[in-house]
Amino acid sequence: MATVTINLPDGSKKVFSKPATVAEVAAAIGKRLAADAVAGKVDGKLVDTFFKIERDASLEIITKQSKESAEILRHSSAHLMAQAVARLFGPVKLWVGPPLLEGRYGFYYDMDLDHRIVPEDFPKIEAEMMKIAAENLSPERFELPVDEAVQLAEKIGQPYKVELIKGFGVSTVSFYKQGEFTDLCEGPHLPRTGFVGGVKIMNVTGAYLHGDQSQKMLQRVYGCAFFSQKELDAHLAKWADAEKRDHRRLGTELDLFFFDPIAPGHPFFLPKGAFLFNGLISYMRRHYEREGYQEVVTPQVFLSQLWKQSGHYDHYKDNMYFCKVGDDEFGVKPMNCPSHALIFKSRHRSYRELPLRLADFGMLHRLELSGVVGGLTRVRRLTQDDAHIFCAPEQIEDEIANLIRLGRKVYKTFGMPLRAELSTRPPQSLGSDELWTRAEGALQAVLQHTGEPFQVKKGEGAFYGPKIDFHAKDALDREWQLFTIQLDFNLAERFDLEYASQKGSRERPVVIHRAILGSIERFLGVLIEHTGGDFPLWLAPIQVRVLAVTDKQNEYAERIEKELRILGIRVDRDTSSEKIGAKIRKATLEKIRYMAIVGEEEAKAKPEVVALRDRKNLDKTDSEWVSPKELAKRILEEIPA
RNA sequence: GCUGGCGUAGCUCAACGGCAGAGCAGCUGUUUUGUAAACAGCAGGUUGUGAGUUCGAAUCUCACCGCCAGCUCCA
């Protein structure tokens, strides 16, 4: 038998006289590695530690520390949970149980069982899972041809697995068996159940089979698992912290906004929330001035005829608000594009005007399903930082490049990294092959040119054009889809938009829909959670609070407040009859950045000063004396251009 | 829209078939305070809405509305 040469990631090689398992290779490298190995990656494919490498290959040992180990741990934990549930509550019919790599849950398993799982069951399930972990079972893998696999699944009472097997369209499938529990699975799995060191069952909800509400509802049990209890505790602490940053909670605590059942999905912005809302719009406007956008203001309500022409009446009617006045039916706008098409069409357009960039902060109404509205992230009344760029096909590339540059600049200001996804032509689409090829090529070329990695989502584009979606990562590593660029070959067609080319011929423009923050409401919700309510100074509704130590300084405090306000600072004051400690506590809870404390000493000083307390610098015990002018200067210097 | 859970004072929660209560916030008074909570008093409610069961309902039943967790959707 020929030897087997294993290439390791560090460039070294191990030669074996006969096929070796991943575990054997790990053992040959070192004891520690062998103990820590949870899986292997053979020629880029994840396999179990007992996988036998038959021929020359590259191998990476996946340990507890490897990025890939989380997926394996979580997947194995889903099996562990199913086994525990089967032990506790009798026969369980299983559907699917995938690992989840983002968010607070680590995995779920969809199951069908007679017992209805309630939160009181969670500790029991956790205990049973840890019992199985303590049994330290080693999963065995075996493969069966489809017909035998179906027989086995039927024998072990797993009708949903029969359906899965038949749906795969392959000739053989694999199973894993640990103790009394056998499950259809591709793997890989942890070498032993003992690798699971800490588990938490977190939630149980209903989930329809095939996501179809006419079908049976299964119980979806969510949990998370770690190699150690310590990591589990850290994870739970992190998400407990996330709850404190929930924008709905901070919205109430910081007096930013509220909701009333009288208008579900329609936020009421309080003065401070409205300040943030308008601040974000002003921030985008400042960019627009430099980027050659022209802002327009457009109607709210249109005769349904417009929506018939735009196609919304056929495709989006269920999400629109309509009203009847006399014999006429009107629809409230859910999008700005038709208005902008009408503006383009309002007179003859020349190639000299292109690219024509029309920005619009108009308010949009979308009748979202009652089950999906929630907080600021999904509202029924929204304002996008919307714009439509009408351009010639050969201008697409430049426009997209500019947009990406602008978008990156904006997100850098907020400290959120971006990740791009390019969605290409779906099976059902509108527009010529030539146009699609050209547009997709342009988008791809621009993305490549920026040099940053991007994923291609094949066939996920809109029917009217390809798009680039950006995912922004917040301070808790959660991703949000906010910034989007969509090409549209349909709008110009439907509204018969044309411009006169240099040669005098009539040409169709291409339309680019784009929103950088997305919707202001949603972005604000995300920003509240990203910052925990501690907004960047340039956007904070209150930048300074003047605190009087005693009533005797109230007048002085008022004078300082006025002076700061004249210097362009957003300032208020606390001249209540509380002790200074209480005022500081109040300002701290309101997350006000600068506290300008004025007592007897400050009031006596010439020229006038305040004792400054900076929340960014809380360790500093002795507060520093600064003049109002100096304070204002510092604040204004901190504001980005 | 579907499934499940939950709606008590502005906020956080208690009372769980028998007189609706506390803390914080608010108001009034006292206190004049030096770096994260001074003290006292007052006020605050048709217990989401509407029916029903009961001698009696915040509590049990039903319907509706809203919120939350998911599913689905997200031109």
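Numbered from 1 within each chain, the chains take letters A, B, ... in sequence-line order.
Between A:Arg248 and B:rC68, a side-chain N or O to OP1/OP2 separation shorter than 4.0 Å is present. At B:rC71, none of the side-chain N or O atoms of A:Tyr108 fall inside 4.0 Å of OP1 or OP2 (strictly under the cut-off).
Searching all strands for a Watson-Crick or G-U wobble partner of B:rG44 with both distances below 3.5 Å returns nothing. Nucleotide B:rG4 forms a pair with B:rC68, judged by Watson-Crick or G-U wobble geometry with both contacts under 3.5 Å. Base pairing of B:rC62: its partner is B:rG50, meeting the Watson-Crick or G-U wobble criterion (both donor-acceptor distances under 3.5 Å). When both distances must be under 3.5 Å, the Watson-Crick or G-U wobble mate of B:rC19 does not exist. Both distances falling under 3.5 Å, in either a Watson-Crick or a G-U wobble arrangement, place B:rG29 opposite B:rC39. The partner of B:rA57, taking Watson-Crick or G-U wobble pairs whose two distances both stay under 3.5 Å, does not exist in any strand shown. Applying the Watson-Crick and G-U wobble criteria (two distances, each under 3.5 Å), B:rA9 pairs with nothing in any strand.
Below the 3.5 angstrom threshold, one finds no donor paired with an acceptor across the side chain of A:Glu368 and the base of B:rG1. A donor and an acceptor atom never sit less than 3.5 Å apart when one is taken from the side chain of A:Arg249 and the other from the base of B:rC11. Put simply, the side chain of A:Gln213 and the base of B:rG1 share a donor and an acceptor less than 3.5 Å apart.
Enclosure of atom NZ in A:Lys238 by more than 12 non-hydrogen atoms of other residues, nucleotides or ligands within 6.0 angstrom is indicated.
Ranked by how close their nearest RNA chain B nucleotide is to the 5' end, A:Arg220 and A:Ile584 are led by A:Ile584. Between A:Gly311 and A:Pro261, it is A:Pro261 whose nearest contact on RNA chain B lies nearer the 5' terminus.
Comparing the P positions of B:rC11 and B:rU61 gives a spacing of 26 Å, expressed to the nearest Å.
Summarising the geometry, the separation between NZ on A:Lys586 and P on B:rC24 is reported as 15 Å, rounded to the nearest angstrom. For the pair A:Asp488 CG and B:rA75 P, the interatomic distance rounds to 13 Å; values are reported in whole Å. Taking atom CG of residue A:Asp212 and atom P of nucleotide B:rU3, one finds them 13 Å apart after rounding to whole Å. The distance from atom NZ of A:Lys333 to atom P of B:rA75 is 20 Å, rounded to the nearest whole Å. If you take CZ of A:Phe268 and C1' of B:rG66, they are 13 Å apart, rounded to a whole angstrom. Between the CE atom of A:Met217 and the P atom of B:rG1 there is a distance of 15 Å, rounded to whole Å. What separates CZ of A:Arg378 from P of B:rC71 is a distance of 12 Å, to the nearest Å.
Within the structure, every pair that satisfies the side-chain hydrogen bond (donor to acceptor under 3.5 Å, both in side chains) test and touches residues 362-372 of chain A, not counting sequence neighbours, is listed here: A:Glu368-A:Arg378.
Within 4.0 Å (heavy atoms only), A:Tyr105 reaches sugar-phosphate atoms of the nucleic acid but no base atom. No engagement by A:Ala587 is indicated, since no non-hydrogen atom pair under 4.0 Å with the nucleic acid exists.
Ring pair A:His266/A:Tyr321 is perpendicular by interplanar angle, where above 60° counts as perpendicular and below 30° as parallel. Between A:His115 and A:Phe89, the ring planes are parallel. Angles under 30° get that label, and only those over 60° would be called perpendicular.
Set against B:rU35, B:rC71, B:rA75, the side chain of A:Asn490 has B:rA75 as its closest nucleotide.
With hydrogens and angles ignored, the 3.5 Å screen pairs no side-chain donor or acceptor of A:Asp534 with any backbone N or O of A:Thr531.
Looking at A:Phe302, A:Tyr313, A:Phe330, A:Tyr316 one by one, the single match for ring pair (Phe, Tyr, Trp, His ring centres under 6.0 Å) with A:Phe322 turns out to be A:Tyr313.
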